[in-house]
Visitor: 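The following block contains the structure, expressed as structure tokens.
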Amino acid sequence: MTGPEESLRIDTAKGPVSARYAPASSPSPTIVVAHGAGAGMDHPFIAGFARACVDEGLASLRFNFPYLEAGRRSPDPEAVLRDAWRAAFDMAHDRADGQPVWASGKSLGGRIASMATADSEVPAAGLVFLGYPLHPPGKPERIRDEHLYRIDVPMLFLQGTSDPFASPELLGKVVAKLGSLAELVRFEGAGHSFEVRGRKRDPREVGASLAPTAAAFIRERS
């Protein structure tokens, strides 16, 4: 089991934000985890995933975006979100002792990581998406994929087949177009937060259940 996490403060353009860091027991890659639009880094899903990644042998750092830190519900402008991602990644990199640093995120957090990586703002060794928001619910014509083809590091898409933010057919086509860099792992019947209708599970357990797949991909591609 993992030990205590270290509480940190990360300086961003909009002021300091909270973070939690847990080292690995031996030199290993680090995974930086960003939350989704509606809940912060201490949501059980995010905490469960990050802590389980440490159990899988990775170091982890999770952090809040400024709007959540300030208690607001509406996400910050894209530039602010990108700035926070850069600051969090830099802190993880400083602690990584030369080991690879990967970027991961739930929905919004993953999409911003991918945009910052595509534009070389975040030098991630790879990306792990915990439910990629390919398009708004019910609007598959508004697909958000253009920047993904500019990414030149490995990408793992963990996605529920009932996620309204990503048509399985559309996402499958995108991942196929990305070629050998990308891998898609589908979770049958799971929604945007990997919940399955008719099956009650603690969100912490749900998040933790994704960690072995993510860690195996990271070890294989690092």
Visitor: Indicate yes or no: at least one non-hydrogen side-chain atom of P136 is less than 4.5 angstrom from one of F165.
Guide: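 No, their side chains stay 4.5 Å or more apart.
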
Visitor: Is any side-chain heavy atom of L108 less than 4.5 Å from a side-chain heavy atom of P133?
Guide: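 Side chain of L108 against side chain of P133, heavy atoms only: no contact under 4.5 Å found.
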
Visitor: Could R150 and E146 be called an ion pair, given the rule that one side-chain N must be under 4.0 Å from one carboxylate O?
Guide: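 Salt bridge flag = yes for E146 with R150.
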
Visitor: Is the shortest side-chain heavy-atom distance between L81 and Y67 below 4.5 Å?
Guide: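 Result yes, sub-4.5 Å side-chain heavy-atom pair found.
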
Visitor: Take Y149 and V174 through the test side chain to side chain contact (heavy atoms under 4.5 Å, CB included) and record every step on the way to the result.
Guide: CA-CA 9 Å; Y149 308 114; V174 168; 3.7 Å; yes

Visitor: If you count every heavy atom of other residues, nucleotides or ligands that lies below 6.0 Å from E220 atom CD, does the total exceed 12?
Guide: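 Counting neighbours around CD of E220, more than 12 heavy atoms of other residues, nucleotides or ligands fall under 6.0 Å, so yes.
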
Visitor: Between S193 (side chain only) and E195 (backbone N and O only), is there a donor and an acceptor less than 3.5 Å apart?
Guide: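 Such a contact is absent between S193 side chain and E195 backbone.
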
Visitor: Under 4.5 Å between side-chain heavy atoms, counting indirect links through other Ile/Leu/Val/Met/Phe/Trp/Tyr residues: same cluster for V101 and M115 or not?
Guide: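 In one cluster with V101: M115, yes.
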
Visitor: Using modelled atom types and a 3.5 Å cut-off, is there a donor and acceptor pairing between side-chain atoms of Q159 and backbone atoms of L130?
Guide: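 Looks like no, no N/O pair under 3.5 Å.
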
Visitor: Rounded at 0.5 Å granularity, tell me how far CZ in R111 sits from CZ in R144.
Guide: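 Reported to 0.5 Å precision, the distance equals 4.5 Å.
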
Visitor: Is the closest side-chain heavy-atom distance between R201 and S209 below 4.5 Å?
Guide: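 Counting from C-beta outward, R201 and S209 do come under 4.5 Å.
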
Visitor: Within this structure, what is the CG-CG distance for the pair L158 and D163, rounded to the nearest 0.5 Å?
Guide: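 Rounded to the nearest 0.5 Å, the CG-CG separation comes to 11.5 Å.
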
Visitor: Using a strict 4.0 Å threshold on nitrogen-to-oxygen distance, state whether D42 and R62 make a salt bridge.
Guide: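 Here D42 pairs with R62 in a salt bridge, since their nearest N and O are under 4.0 Å apart.
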
Visitor: Any heavy-atom pair between the side chains of I151 and D119 that's under 4.5 Å?
Guide: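 With C-beta onward as the side chain, the pair stays apart.
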
Visitor: Under 4.5 Å between side-chain heavy atoms, counting indirect links through other Ile/Leu/Val/Met/Phe/Trp/Tyr residues: same cluster for L184 and L170 or not?
Guide: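 Hydrophobic grouping puts L184 with L170.
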
Visitor: When you measure from the side chain of Y132 to the backbone of L156, do you find a donor-acceptor pair of N or O atoms at a distance under 3.5 Å?
Guide: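 Checked: no pair found.
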
Visitor: Do V206 and F49 come within less than 4.5 Å of each other through their side chains, counting heavy atoms only?
Guide: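 No. Closest side-chain heavy atoms not under 4.5 Å.
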
Visitor: Salt bridge or not for E121 and R82, using N-O below 4.0 Å?
Guide: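 Result for this pair is yes, salt bridge flagged.
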
Visitor: How many angstroms lie between atom OG of S104 and atom CG of L127, to the nearest 0.5 angstrom?
Guide: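 That separation rounds to 8.5 Å.
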
Visitor: Under a plain distance cut-off of 3.5 Å, with no hydrogens placed, do S167 and H135 share a side-chain donor-acceptor pair?
Guide: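 Result is no, nothing qualifies.
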
Visitor: Roughly how far, to the nearest 0.5 Å, is CZ of R86 from CE of M91?
Guide: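 It is 15.0 Å, given to the nearest 0.5 Å.
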
Visitor: With a 6.0 Å cut-off (strictly less than), is the heavy-atom count around CD of E169, excluding the residue itself, greater than 12?
Guide: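 Atom CD in E169 is not crowded, with 12 or fewer foreign heavy atoms closer than 6.0 Å.
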
Visitor: Keeping to residues at least two apart or across chains, list the ring-ring contact (aromatic ring centres under 6.0 Å, His included) pairs with something in residues 198-222.
Guide: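 For residues 198-222: W102-F217.
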
Visitor: Check E6 with R95, please: is the shortest side-chain N to carboxylate O separation under 4.0 Å?
Guide: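 Salt bridge between R95 and E6, a charged N being under 4.0 Å from a carboxylate O: yes.
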
Visitor: Quick check: closest heavy atoms across S28 and Q99, and the distance to 0.1 Å?
Guide: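 Heavy atoms of S28 and Q99 come nearest at O-CB, 3.2 Å.
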
Visitor: Between T213 and L210, is any pair of side-chain heavy atoms under 4.5 Å apart?
Guide: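 A side-chain contact is absent here, since even the closest heavy-atom pair is not under 4.5 Å.
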
Visitor: Measuring from I218:CD1 to I31:CD1, what's the distance to the nearest 0.5 Å?
Guide: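 Reported value, rounded in 0.5 Å steps: 4.0 Å.
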
Visitor: I'd like to know if the side chain of T161 reaches the main chain of G189, judged simply by a donor and an acceptor atom lying under 3.5 Å from each other, with no hydrogens or angles considered.
Guide: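 Such a contact is found between T161 side chain and G189 backbone.
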
Visitor: Over all heavy atoms of both residues, which pair between R51 and A22 is shortest? Give the atoms and the distance, please.
Guide: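 Distance-wise, the nearest heavy atoms are NH1-CB, 4.1 Å.
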
Visitor: Determine whether I143 and L178 fall in the same hydrophobic cluster, where Ile, Leu, Val, Met, Phe, Trp and Tyr are linked whenever their side-chain heavy atoms lie under 4.5 Å apart.
Guide: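 Result: yes, single cluster for both.
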
Visitor: Would you say that F45 contacts K106 through its side chain, given a criterion of any heavy-atom pair below 4.5 Å between the two side chains?
Guide: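 Yes - at least one pair of side-chain heavy atoms lies under 4.5 Å apart.
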
Visitor: Quick one: do Y21 and I46 end up in the same hydrophobic cluster if we chain Ile, Leu, Val, Met, Phe, Trp and Tyr together by side-chain heavy atoms under 4.5 Å apart?
Guide: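 Hydrophobic grouping puts Y21 apart from I46.
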
Visitor: Counting only N and O atoms by type, is there a donor-acceptor contact under 3.5 Å from the side chain of D83 to the main-chain atoms of A13?
Guide: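 Answer holds: yes.
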
Visitor: Do E69 and S18 have a side chain donor and acceptor closer than 3.5 Å?
Guide: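 On atom types as modelled, these side chains qualify, holding a pair under 3.5 Å.
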
Visitor: Do V128 and L181 belong together in a cluster built from hydrophobic side chains that touch within less than 4.5 Å?
Guide: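 No, it is not one cluster - the side chains of V128 and L181 are not joined through contacts under 4.5 Å.
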
Visitor: How long is the gap from CG on L171 to CZ on F157, to the nearest 0.5 Å?
Guide: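 If I round to the nearest 0.5 Å, the distance is 6.0 Å.
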
Visitor: Between E205 and K200, is there a salt bridge with N-O shorter than 4.0 Å?
Guide: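 Salt bridge: no.
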
Visitor: Between H35 and F65, is the gap from one ring center to the other below 6.0 Å?
Guide: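 That pair passes the under 6.0 Å test.
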
Visitor: List the steps, then state whether side chain to side chain contact (heavy atoms under 4.5 Å, CB included) holds for D11 with V17.
Guide: CA-CA 7 Å; D11 290 327; V17 297; over 6 Å; no

Visitor: By side chain to side chain donor-acceptor pair (under 3.5 Å), which residues pair with E56, not counting sequence neighbours?
Guide: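 Expected list: none.
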
Visitor: Check this for me: H93, atom NE2, are more than 12 non-hydrogen atoms of other residues, nucleotides or ligands nearer than 6.0 Å?
Guide: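 Incorrect, the count does not exceed 12.
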
Visitor: Between S114 and I112, is there a donor-acceptor pair closer than 3.5 Å when you use the side chain of the first and the backbone of the second?
Guide: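 Checked: no pair found.
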
